Number of protein chains: 2
Amino acid sequence: MEKQTVTIYDVAREAAVSMATVSRVVNGNPNVKPATRKKVLEVIDRLDYRPNAVARGLASKKTTTVGVIIPDVTNAYFSSLARGIDDIAMMYKYNIILTNSDENGGKEVQVLNTLMAKQVDGIIFMGNQVTDELREEFKRSKAPVVLAGSVDAEKAQPSVNIDYVAAVAEAVKNLIDHGNQKIAFVSGPMDQAINHDYRLKGYKKALKDAGISYDDKLVFETDYTYKAGQSLEPALTAAGATAAFVGDDELAAGVMNGLTDAGVDVPGEFEVITSNDTKLTELVRPKMSSITQPLYDIGAVAMRLLTKLMNNETVDENTVILPYGLMKRSSTK
Amino acid sequence: MEKQTVTIYDVAREAAVSMATVSRVVNGNPNVKPATRKKVLEVIDRLDYRPNAVARGLASKKTTTVGVIIPDVTNAYFSSLARGIDDIAMMYKYNIILTNSDENGGKEVQVLNTLMAKQVDGIIFMGNQVTDELREEFKRSKAPVVLAGSVDAEKAQPSVNIDYVAAVAEAVKNLIDHGNQKIAFVSGPMDQAINHDYRLKGYKKALKDAGISYDDKLVFETDYTYKAGQSLEPALTAAGATAAFVGDDELAAGVMNGLTDAGVDVPGEFEVITSNDTKLTELVRPKMSSITQPLYDIGAVAMRLLTKLMNNETVDENTVILPYGLMKRSSTK
DNA sequence: CGCAACATTGAAAACGCTTTCAAGTCAAAG
DNA sequence: CTTTGACTTGAAAGCGTTTTCAATGTTGCG
């Protein structure tokens, strides 16, 4: 009843050659006489032979699949990177094992281990924080690991990012240039390196450059959800803020809509600038000004870098920094 | 230089037992004397032995990974399903190989083949159209295939969906009840079954039930993008439509924003109702009324169904229909 | 025509694990 | 003290490829 699978052995027999020869033609090895190649190809076609990738993986120690750890596919920022990753992966004949981590350290470690057990040829990690434990796991992995749109303070792993500090500083400076003195810093969990080591640093830098003193009452730490942003309005108003830099687009949309719904005019009375330049920025009204990041490219470049690493090619620069920009839309003056 | 991998053989030697026994303890086989189990476990821990899933897959003919074909991870509707799929997959110890198809038939077939080559234990397909060729491939697959949020007119494959015809009919009826006579039907490519065989059918049904005659000048076929929706305004106005049913949220956001930007008041002068109830509906202003679908659950249930199929359990119903609803927000009266 | 050099091929050993089957162990039962 | 049946264990045969190494065929040239 079970469908019979045809193996390389069957092909060899039918074509009256050895398995080695069949293997050669399947893998495009040039050391095969054209006539034999043709004969084998015909049999392969006739028998509808499909090489078993698992067996191939065991024998060759290469699985042509890479693991991708993503906080949440549902998040526009990360799914954009994921798309870039998958496209390039496909281009280089790799497949992607995608797993959501919810940025949960324990889950990340566990997932990483199952990926390694599955003998992936490489790993791309996305997440706002690289814990010590995770870093250790990365080190013992024999498959190369590259971080995409994710920072590691230790810079131990190859990665591709933008210059978050500079980008945020520029965004905040923009707000300052518009005359704002009390600028809120709204971000996700402050225990994530991306927030406290990069974004906050850029925020402080901009303030300092402008001679504005830092006030931690203007720092709002929440989780990355629309709702969280939406319910921030009272606090924002109470703190006397007239503008905000927000670390995530969905969160920013929440902040902005919360403000608007409460009757605060954006950007008239309150300016908002966000970080990720996902589609969302264009959908909301007013459209959100944002730091621009080459989302797709961050993923694509990360994957490309990974292919080089997997191929043992020497790469000139392990940590690549892509250019960012500032896109003025309608949530700032 | 290359890190040495420790195999089941090493463990067997160190623990002075056979590979079979090690295999048993690793797999939780109860037929092992507690004392031996303990001894083996200690060695495993000491050597930091990690079973090689590829070898395991070859020997057992099970890879504990399932293939997932998705039009585009970047699309909120499908990424929500994907999240549901992955969560349940993880719960059942499966991993997901995720590949974007762009709804391109050729790519879908190709991807399906590489998935099968990788010996996935099952496949979940998402896409708005199942071509004949694809259907053939599904049939020859020895791994079970289930469709998630995707229809196949032939109903040849197990699937989980909502009742699109009824849902759309109800949405359109709602528009009719508000006094609209000229209701636009805005959808993606009409050659996709989901559009012409389901949504359009529901649309026509609602019209018919209300005694309104069908006018194909009110049917707008575009692609599923925000921009496409946005640029539809002139045509919509020209056709004299006062309301629209839209088949995709991002597209709907475009339609609505295009209207608003052109000075048309939504919902005052023009009502819009959309289909997928993704996060987007809450982000835009006015918030969009929508058919509600249990997105996450569609994915989750599909994956659960797949686990049963992979396990050869008998399932009572191959095609499961989940409940839908109608959520009135602010883009309808 | 003989030989070196190169092109083709096949045999068989991995790859790391699961699984079948037979054998060995041991305690309870007779 | 044997027998029986339930437990435990190990040997070895796969699983479907890749890959090494040696063998065999060919071709070009002096």
Side-chain angles (χ1 to χ4, degrees), chain A residues 2-41 43-44 47-65 114 116-121 142, chain B residues 2-41 43-44 47-65 93 114 116-121 142-143:
Chain A
E2 187 60 29
K3 293 168 194 169
Q4 197 55 51
T5 63
V6 3
T7 73
I8 198 174
Y9 178 77
D10 299 318
V11 176
R13 181 171 30 74
E14 288 290 309
V17 298
S18 71
M19 287 164 45
T21 300
V22 178
S23 175
R24 290 192 186 94
V25 350
V26 168
N27 293 295
N29 183 316
N31 300 331
V32 180
K33 192 161 52 172
T36 348
R37 178 188 311 283
K38 178 149 175 286
K39 183 174 56 175
V40 172
L41 249 17
V43 175
I44 285 180
L47 266 41
D48 191 29
Y49 165 67
R50 324 268 192 106
N52 177 324
V54 173
R56 216 201 279 241
L58 181 59
S60 69
K61 295 175 166 305
K62 299 224 165 303
T63 54
T64 64
T65 108
T114 100
M116 285 164 43
K118 294 215 170 170
Q119 314 297 119
V120 295
D121 295 336
K142 54 176 147 185
Chain B
E2 187 58 31
K3 293 168 194 169
Q4 197 55 51
T5 63
V6 4
T7 74
I8 197 173
Y9 179 76
D10 299 317
V11 176
R13 182 171 29 72
E14 289 289 311
V17 298
S18 72
M19 288 164 46
T21 299
V22 178
S23 175
R24 290 195 185 92
V25 350
V26 168
N27 292 296
N29 183 315
N31 300 332
V32 180
K33 193 162 50 171
T36 5
R37 176 188 309 282
K38 179 151 175 284
K39 184 174 57 175
V40 172
L41 249 18
V43 175
I44 286 181
L47 266 42
D48 191 30
Y49 165 67
R50 323 267 192 106
N52 177 323
V54 173
R56 214 201 279 242
L58 181 59
S60 69
K61 294 176 168 305
K62 298 225 165 304
T63 54
T64 63
T65 107
K93 312 281 189 201
T114 101
M116 284 163 44
K118 294 216 169 170
Q119 314 297 121
V120 294
D121 295 337
K142 54 176 147 185

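Chain letters run A, B, ... following the sequence lines, proteins first, then strands; residues in each count from 1. Everything numeric in this text was worked out from a predicted model, so none of it was measured.
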Could you state the atom-to-atom distance from CZ of A:Arg24 to P of D:dG16 in whole Å? 21 Å

Spacing between B:Asn29 atom CG and C:dC17 atom P, to the nearest angstrom: 17 Å

What contact category does B:Arg37 fall into here, base, sugar-phosphate, or nothing, at under 4.0 angstrom with non-hydrogen atoms? nothing

Identify whether any heavy atom of A:Asn52 sits under 4.0 Å from a base atom; if not, whether one sits that close to sugar-phosphate; answer base, sugar-phosphate or nothing. sugar-phosphate

Answer with base, sugar-phosphate or nothing: what part of the nucleic acid does B:Val26 contact at a heavy-atom distance below 4.0 Å? nothing

Just how far, in rounded Å, is P of C:dT25 from CG of B:Asn31? 18 Å

On DNA chain C, check which nucleotide each of A:Val32 and A:Met19 is closest to and give me the residue with the more 5' one. A:Val32

Using a cut-off of 4.0 Å on non-hydrogen atoms, how would the nucleic acid contact of A:Ala16 be classed: base, sugar-phosphate, or nothing? sugar-phosphate

Taking the side chain as C-beta and beyond, is there a heavy-atom pair between B:Asn27 and B:Arg56 under 4.5 Å? yes

When all nucleic acid strands are considered with a 4.0 Å heavy-atom cut-off, which category describes A:Ser23: base, sugar-phosphate, or nothing? base

How is A:Val17 classified with respect to the nucleic acid when contacts are heavy atoms under 4.0 Å: base, sugar-phosphate, or nothing? sugar-phosphate

Taking the side chain as every heavy atom from C-beta outward, state whether A:Thr7 and A:Met19 have any pair of such atoms under 4.5 Å apart. no

